[in-house]
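Okay, structure first, notes after.
Letters go in sequence order (proteins before strands), and every chain restarts at 1.
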2 protein chains.
Amino acid sequence: MQAGELAGVLGALGQETRLQIIRILAPLSKGKAPVGLAAGQIAAALGVSPPTLSFHLKDLALRKLVVQKRRGRELIYFANLALILAALGEFVGELEI
Amino acid sequence: MQAGELAGVLGALGQETRLQIIRILAPLSKGKAPVGLAAGQIAAALGVSPPTLSFHLKDLALRKLVVQKRRGRELIYFANLALILAALGEFVGELEI
DNA sequence: TTGACAGTTCAACAGATGTAGAAATCTTGA
DNA sequence: TCAAGATTTCTACATCTGTTGAACTGTCAA
(Lines give C-alpha, C1' and ligand atoms only; values in the text may rest on other atoms or scores of the structure.)
Protein backbone atom coordinates (compact mmCIF):
# COMPACT_ATOMS: atom_id res chain seq x y z
CA MET A 1 0.00 0.00 0.00
CA GLN A 2 1.44 3.34 -1.16
CA ALA A 3 1.89 6.29 1.17
CA GLY A 4 -1.28 8.33 1.13
CA GLU A 5 -3.24 5.50 -0.38
CA LEU A 6 -4.63 4.28 2.92
CA ALA A 7 -6.09 7.70 3.70
CA GLY A 8 -7.68 7.60 0.26
CA VAL A 9 -9.32 4.25 0.93
CA LEU A 10 -10.49 5.23 4.39
CA GLY A 11 -11.73 8.56 3.10
CA ALA A 12 -13.62 6.87 0.29
CA LEU A 13 -15.33 4.57 2.78
CA GLY A 14 -15.85 7.42 5.24
CA GLN A 15 -18.80 8.84 3.38
CA GLU A 16 -22.25 7.56 4.16
CA THR A 17 -23.40 6.94 0.58
CA ARG A 18 -20.19 5.24 -0.50
CA LEU A 19 -20.07 3.12 2.63
CA GLN A 20 -23.65 2.01 1.96
CA ILE A 21 -22.71 1.10 -1.59
CA ILE A 22 -19.95 -1.17 -0.31
CA ARG A 23 -22.20 -2.62 2.35
CA ILE A 24 -24.94 -3.47 -0.10
CA LEU A 25 -22.49 -4.90 -2.61
CA ALA A 26 -20.43 -6.90 -0.13
CA PRO A 27 -22.68 -9.96 0.30
CA LEU A 28 -23.34 -9.96 -3.46
CA SER A 29 -19.66 -9.86 -4.34
CA LYS A 30 -18.31 -13.04 -2.87
CA GLY A 31 -18.53 -16.79 -3.03
CA LYS A 32 -18.35 -19.04 -6.06
CA ALA A 33 -20.62 -16.95 -8.24
CA PRO A 34 -20.77 -13.28 -7.25
CA VAL A 35 -23.89 -11.67 -8.65
CA GLY A 36 -23.22 -7.99 -8.05
CA LEU A 37 -25.86 -5.33 -8.50
CA ALA A 38 -26.80 -3.02 -11.35
CA ALA A 39 -26.19 0.70 -10.86
CA GLY A 40 -29.87 1.47 -11.09
CA GLN A 41 -30.71 -1.07 -8.42
CA ILE A 42 -28.09 0.36 -6.11
CA ALA A 43 -29.49 3.84 -6.64
CA ALA A 44 -33.01 2.60 -5.92
CA ALA A 45 -31.91 0.70 -2.83
CA LEU A 46 -30.09 3.72 -1.45
CA GLY A 47 -32.60 6.31 -2.56
CA VAL A 48 -30.10 8.50 -4.39
CA SER A 49 -30.34 9.97 -7.89
CA PRO A 50 -28.52 8.25 -10.76
CA PRO A 51 -25.98 11.06 -11.22
CA THR A 52 -25.19 11.06 -7.51
CA LEU A 53 -24.72 7.32 -7.49
CA SER A 54 -22.57 7.48 -10.59
CA PHE A 55 -20.44 10.18 -8.97
CA HIS A 56 -19.70 7.92 -6.03
CA LEU A 57 -19.26 4.76 -8.09
CA LYS A 58 -16.71 6.57 -10.20
CA ASP A 59 -14.82 7.55 -7.06
CA LEU A 60 -14.90 3.99 -5.74
CA ALA A 61 -13.91 2.53 -9.11
CA LEU A 62 -10.99 4.95 -9.40
CA ARG A 63 -9.62 3.54 -6.16
CA LYS A 64 -10.51 0.03 -7.34
CA LEU A 65 -12.83 -0.51 -4.38
CA VAL A 66 -15.50 -1.62 -6.85
CA VAL A 67 -15.32 -3.16 -10.29
CA GLN A 68 -17.92 -3.12 -13.03
CA LYS A 69 -19.07 -5.57 -15.66
CA ARG A 70 -21.53 -4.89 -18.41
CA ARG A 71 -24.56 -7.17 -18.78
CA GLY A 72 -26.72 -6.03 -21.63
CA ARG A 73 -27.57 -2.42 -21.07
CA GLU A 74 -26.89 -2.66 -17.38
CA LEU A 75 -23.61 -2.08 -15.57
CA ILE A 76 -23.18 -4.56 -12.75
CA TYR A 77 -21.02 -3.50 -9.85
CA PHE A 78 -19.07 -5.68 -7.43
CA ALA A 79 -17.22 -4.70 -4.27
CA ASN A 80 -13.52 -5.46 -4.38
CA LEU A 81 -13.54 -7.07 -0.96
CA ALA A 82 -10.02 -8.44 -1.31
CA LEU A 83 -8.59 -4.95 -1.69
CA ILE A 84 -10.70 -3.41 1.04
CA LEU A 85 -9.88 -6.16 3.52
CA ALA A 86 -6.21 -6.01 2.62
CA ALA A 87 -6.07 -2.26 3.22
CA LEU A 88 -7.93 -2.46 6.52
CA GLY A 89 -5.94 -5.49 7.59
CA GLU A 90 -2.66 -3.78 6.89
CA PHE A 91 -3.70 -0.75 8.90
CA VAL A 92 -4.97 -2.87 11.80
CA GLY A 93 -1.68 -4.73 11.78
CA GLU A 94 0.24 -1.48 11.89
CA LEU A 95 -1.75 -0.25 14.88
CA GLU A 96 -1.45 -3.53 16.75
CA ILE A 97 2.32 -3.87 16.53
CA MET B 1 -21.41 0.74 16.87
CA GLN B 2 -24.27 3.08 15.99
CA ALA B 3 -25.54 3.50 12.43
CA GLY B 4 -23.56 6.25 10.75
CA GLU B 5 -20.84 6.06 13.38
CA LEU B 6 -18.60 3.83 11.30
CA ALA B 7 -18.60 6.29 8.42
CA GLY B 8 -17.64 8.97 10.94
CA VAL B 9 -14.69 6.97 12.20
CA LEU B 10 -13.52 6.04 8.71
CA GLY B 11 -14.00 9.59 7.54
CA ALA B 12 -12.02 10.95 10.47
CA LEU B 13 -9.16 8.60 9.63
CA GLY B 14 -9.50 9.26 5.93
CA GLN B 15 -7.75 12.60 6.08
CA GLU B 16 -4.00 12.69 5.72
CA THR B 17 -3.26 14.93 8.70
CA ARG B 18 -5.58 13.08 11.07
CA LEU B 19 -4.33 9.70 9.92
CA GLN B 20 -0.76 10.84 10.58
CA ILE B 21 -1.78 11.98 14.06
CA ILE B 22 -3.10 8.51 14.84
CA ARG B 23 -0.08 6.85 13.29
CA ILE B 24 2.37 8.91 15.30
CA LEU B 25 0.39 8.42 18.50
CA ALA B 26 -0.26 4.70 18.08
CA PRO B 27 3.10 3.32 19.25
CA LEU B 28 3.13 5.85 22.10
CA SER B 29 -0.35 4.91 23.26
CA LYS B 30 0.00 1.29 24.25
CA GLY B 31 1.76 -1.07 26.60
CA LYS B 32 2.07 -0.88 30.35
CA ALA B 33 2.90 2.83 30.46
CA PRO B 34 1.64 4.81 27.45
CA VAL B 35 3.57 8.04 27.11
CA GLY B 36 1.53 9.91 24.55
CA LEU B 37 2.71 13.10 22.89
CA ALA B 38 2.14 16.79 23.59
CA ALA B 39 0.12 18.76 21.06
CA GLY B 40 3.07 20.97 20.24
CA GLN B 41 5.28 17.99 19.53
CA ILE B 42 2.69 16.45 17.25
CA ALA B 43 2.40 19.71 15.35
CA ALA B 44 6.19 19.91 15.00
CA ALA B 45 6.47 16.29 13.91
CA LEU B 46 3.78 16.74 11.26
CA GLY B 47 4.80 20.21 10.16
CA VAL B 48 1.40 21.77 10.66
CA SER B 49 0.48 24.94 12.53
CA PRO B 50 -0.87 24.74 16.08
CA PRO B 51 -4.35 25.91 15.06
CA THR B 52 -4.51 23.32 12.32
CA LEU B 53 -3.41 20.58 14.65
CA SER B 54 -5.87 21.68 17.29
CA PHE B 55 -8.65 21.66 14.73
CA HIS B 56 -7.96 18.03 13.90
CA LEU B 57 -7.36 16.94 17.49
CA LYS B 58 -10.72 18.39 18.41
CA ASP B 59 -12.34 16.37 15.66
CA LEU B 60 -10.59 13.19 16.74
CA ALA B 61 -11.36 13.81 20.41
CA LEU B 62 -15.04 14.41 19.62
CA ARG B 63 -15.19 10.92 18.14
CA LYS B 64 -13.10 9.63 21.06
CA LEU B 65 -10.37 8.44 18.71
CA VAL B 66 -7.87 10.28 20.89
CA VAL B 67 -7.92 11.21 24.57
CA GLN B 68 -6.02 13.97 26.30
CA LYS B 69 -4.37 14.33 29.67
CA ARG B 70 -2.83 17.49 31.07
CA ARG B 71 0.76 17.40 32.24
CA GLY B 72 1.78 20.82 33.49
CA ARG B 73 1.07 23.31 30.80
CA GLU B 74 1.13 20.68 28.09
CA LEU B 75 -1.75 18.60 26.84
CA ILE B 76 -0.67 15.05 26.15
CA TYR B 77 -2.60 13.12 23.56
CA PHE B 78 -3.08 9.37 23.25
CA ALA B 79 -4.66 7.35 20.47
CA ASN B 80 -7.68 5.35 21.58
CA LEU B 81 -6.48 2.21 19.87
CA ALA B 82 -9.10 0.01 21.50
CA LEU B 83 -11.90 2.01 19.91
CA ILE B 84 -10.24 2.29 16.53
CA LEU B 85 -9.46 -1.41 16.36
CA ALA B 86 -12.94 -2.31 17.55
CA ALA B 87 -14.54 -0.20 14.82
CA LEU B 88 -12.29 -1.54 12.09
CA GLY B 89 -12.65 -5.07 13.38
CA GLU B 90 -16.40 -4.87 13.40
CA PHE B 91 -16.43 -3.61 9.82
CA VAL B 92 -13.98 -6.26 8.65
CA GLY B 93 -16.15 -8.89 10.30
CA GLU B 94 -19.21 -7.56 8.52
CA LEU B 95 -17.51 -7.70 5.13
CA GLU B 96 -16.13 -11.18 5.71
CA ILE B 97 -19.40 -12.84 6.67
C1' DT C 1 -33.20 2.22 -38.05
C1' DT C 2 -35.40 3.93 -34.45
C1' DG C 3 -37.37 4.38 -29.82
C1' DA C 4 -36.67 3.50 -25.20
C1' DC C 5 -33.82 2.23 -21.48
C1' DA C 6 -29.48 2.36 -18.41
C1' DG C 7 -26.01 4.88 -17.06
C1' DT C 8 -22.60 8.54 -17.33
C1' DT C 9 -20.89 13.20 -18.05
C1' DC C 10 -21.52 18.16 -17.80
C1' DA C 11 -22.53 22.50 -15.52
C1' DA C 12 -23.74 24.87 -11.64
C1' DC C 13 -24.21 25.61 -6.91
C1' DA C 14 -24.63 25.34 -1.72
C1' DG C 15 -22.33 23.76 1.97
C1' DA C 16 -18.50 21.46 4.24
C1' DT C 17 -13.54 21.20 5.04
C1' DG C 18 -8.68 22.33 5.88
C1' DT C 19 -5.61 25.90 6.77
C1' DA C 20 -3.19 29.82 9.02
C1' DG C 21 -2.78 34.45 11.54
C1' DA C 22 -4.49 36.85 15.45
C1' DA C 23 -6.42 36.83 19.77
C1' DA C 24 -7.93 34.55 23.92
C1' DT C 25 -7.51 31.03 27.65
C1' DC C 26 -5.27 28.38 30.88
C1' DT C 27 -1.19 26.88 33.57
C1' DT C 28 3.07 27.30 35.73
C1' DG C 29 7.30 29.20 37.72
C1' DA C 30 9.49 33.15 39.55
C1' DT D 1 0.94 38.66 41.07
C1' DC D 2 2.72 38.45 36.74
C1' DA D 3 5.21 37.15 32.59
C1' DA D 4 5.91 33.49 29.51
C1' DG D 5 4.66 29.17 27.48
C1' DA D 6 1.24 25.78 25.48
C1' DT D 7 -2.83 25.23 23.36
C1' DT D 8 -7.27 26.49 21.91
C1' DT D 9 -10.72 29.52 19.87
C1' DC D 10 -11.95 33.01 16.61
C1' DT D 11 -11.94 34.77 11.98
C1' DA D 12 -11.34 34.59 7.29
C1' DC D 13 -10.61 32.38 3.13
C1' DA D 14 -9.55 29.14 -0.68
C1' DT D 15 -10.61 24.68 -1.98
C1' DC D 16 -13.00 20.41 -2.03
C1' DT D 17 -17.37 17.76 -1.92
C1' DG D 18 -21.94 16.16 -2.67
C1' DT D 19 -25.97 17.05 -5.05
C1' DT D 20 -29.07 18.05 -8.89
C1' DG D 21 -31.15 18.89 -13.64
C1' DA D 22 -29.92 18.70 -18.35
C1' DA D 23 -27.59 16.70 -21.94
C1' DC D 24 -25.04 12.92 -23.80
C1' DT D 25 -23.49 7.93 -24.82
C1' DG D 26 -24.09 3.32 -25.40
C1' DT D 27 -27.17 -0.87 -25.76
C1' DC D 28 -31.02 -3.53 -26.94
C1' DA D 29 -35.58 -4.87 -29.02
C1' DA D 30 -38.80 -4.42 -32.49
Which listed nucleotide (dT9(C), dG18(D), dG21(C)) is nearest to the side chain of P51(A)?
dT9(C)
Kindly state which residues belonging to residues 10-29 of chain A come within less than 4.0 angstrom of DNA chain C, counting heavy atoms of the residue only, listed by number.
none
Under-4.0 Å side-chain N/O to phosphate OP1/OP2 contact, Y77(B) with dA6(D)
no
Indicate whether OP1 or OP2 belonging to dT19(C) is found under 4.0 Å from a side-chain N or O atom of H56(B).
yes
For the helix from dT1(C)-dA30(D) to dA30(C)-dT1(D), figure out the bend between the end axes, five pairs an end, and round to 10 degrees.
30°
Residues F91(A) and L13(B): closest non-hydrogen pair is CE2-CD1, 4.0 Å
Working to the nearest 0.5 angstrom, can you tell me the gap between M1(B) CE and L83(B) CG?
6.0 Å
Using side-chain heavy atoms (C-beta onward) and a distance below 4.5 Å, is H56(A) in contact with I42(A)?
no
Flag if over 12 foreign heavy atoms under 6.0 Å of CZ, R71(B)
no
R70(B) has its side chain closest, among dT9(D), dG29(C), dC26(C), to dC26(C)
Heavy atoms only, 4.0 Å cut-off, all strands: where does A38(B) land among base, sugar-phosphate and nothing?
sugar-phosphate
Looking at T52(A), I'd like to know whether one of its side-chain N or O atoms comes within less than 4.0 Å of OP1 or OP2 on dT20(D).
yes
Picking from dA4(C), dT9(C), dT8(D), the nucleotide nearest the side-chain atoms of S54(A) would be dT9(C)
Taking 4.0 Å as the cut-off, does a side-chain nitrogen or oxygen of S49(A) come that near to OP1 or OP2 on dT20(D)?
yes
